[in-house]
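The structure appears right after this line, and notes come after that.
Order of appearance sets the numbers: ligands from 1, and atoms from 1 within every ligand.
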Amino acid sequence: MDKHHILIVEDEEKIAALQRDYLLQAGFDVSELHDGTGAAAHIVEAAPDLVILDLMLPGEDGLTICRRVRETSNVPIIMVTARVDEIDRLLGLELGADDYLCKPFSPRELVLRVKAILRRGSSEVQSEGGGHRYGALVLDPERHCCDCHGQRLDLTPVEFRLLQALLERPGRVLSRQQLMDVAYQDHRVVSDRTIDSHMRNLRQKLAEASDDERELIRSVYGVGYAMA
Ligand code: CA
């Protein structure tokens, strides 16, 4: 199989070099850009398998680049920021990035995230006629039911909406705020912990119905949740 091509967009060349070395060691092809100017067009043209995109760049910033790329391309993007509190804001902008990393991060962590995203390509959510299939999981919003391995899941309306929201944005991390907005359409004010407790129950029900050891929904520390 051909090597996956990873494109690093990072203006701090030392950081870029560190990322590059670890990714090369992990068996990827790697190229680098050190400036935001023209990066979006380059990404679309070069069509890498994954992009590691720094937020603060000279020329065009990561936010604008991500938006531009998403107009024409679904290439997986890992957004890199220098501040953890910025991730929530970025999530709120619905940029369409696939994952977020906060500096400083270990290159090992980066390699793990890259591999996880590339692996996901083979177990994607298939959506058809409003319904979604994800492995053994089938969710039908029209009939308001959800099956796992042919077994009907007994989900509460809130759990159903949470699962639907995650399935509609496969692989994307949703913040607690975004999940609250879909779960409580009457705009009732609830706390983060309420969402966590609904998610805990939902994950428990999925784990019981699935014979897969792998968790279907992953929790992203300090940020929110995503389909695994
Ligand atoms: Ca930077």
Side-chain angles (χ1 to χ4, degrees), residues 3-121 169-178 218-228:
K3 284 182 176 182
H4 283 115
H5 171 209
I6 316 292
L7 175 63
I8 300 168
V9 189
E10 167 66 71
D11 57 315
E12 288 172 70
E13 297 192 24
K14 267 190 189 162
I15 296 182
L18 186 68
Q19 295 180 1
R20 180 194 62 216
D21 290 349
Y22 270 81
L23 289 166
L24 285 172
Q25 213 172 26
F28 297 108
D29 271 337
V30 183
S31 54
E32 293 170 41
L33 281 182
H34 302 134
D35 194 289
T37 312
H42 178 89
I43 291 168
V44 172
E45 201 179 292
D49 295 298
L50 186 143
V51 180
I52 298 162
L53 179 60
D54 189 33
L55 181 67
M56 298 299 285
L57 291 164
E60 210 157 54
D61 66 13
L63 216 133
T64 314
I65 295 169
C66 190
R67 280 218 177 94
R68 275 187 207 268
V69 169
R70 276 290 171 265
E71 285 171 12
T72 53
S73 161
N74 264 328
V75 57
I77 296 176
I78 299 180
M79 253 337 230
V80 176
T81 82
R83 285 165 39 200
V84 73
D85 59 335
E86 210 155 47
I87 293 180
D88 237 0
R89 186 178 72 89
L90 293 172
L91 280 166
L93 296 174
E94 302 217 37
L95 295 173
D98 295 77
D99 207 347
Y100 297 85
L101 267 175
C102 186
K103 287 179 185 173
F105 50 84
S106 80
R108 265 188 212 92
E109 174 71 15
L110 176 71
V111 170
L112 287 176
R113 303 272 191 115
V114 167
K115 285 184 174 170
I117 289 178
L118 292 174
R119 225 181 7 245
R120 211 164 60 205
R169 301 159 186 83
R172 305 271 149 83
V173 184
L174 297 189
S175 69
R176 290 185 175 78
Q177 184 59 51
Q178 287 172 319
R218 71 190 168 102
S219 138
V220 183
Y221 182 74
V223 180
Y225 296 91
M227 292 311 291

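Taking a 6.0 Å sphere around CZ of R70, one finds it holds more than 12 heavy atoms contributed by other residues, nucleotides or ligands.
Taken to the nearest 0.5 Å, the CG atom of L33 stands 5.0 Å off from the CG atom of L7.
Residue contacts to the Ca ion (ligand 1): D11 brings an N, O or S atom closer than 3.0 Å. At a threshold of 3.0 Å, the Ca ion (ligand 1) has no backbone or side-chain N, O or S atom of E10 nearer than that distance.
Note on R67 versus E71: no salt bridge recorded, every NZ/NE/NH1/NH2 to OD/OE distance being 4.0 Å or above.
Sorting the N, O or S atoms of D54 by how far they are from the Ca ion (ligand 1) puts OD2 first.
Remark: side-chain polar atoms of E10 are paired, donor with acceptor, to backbone N or O of E12 under 3.5 angstrom.
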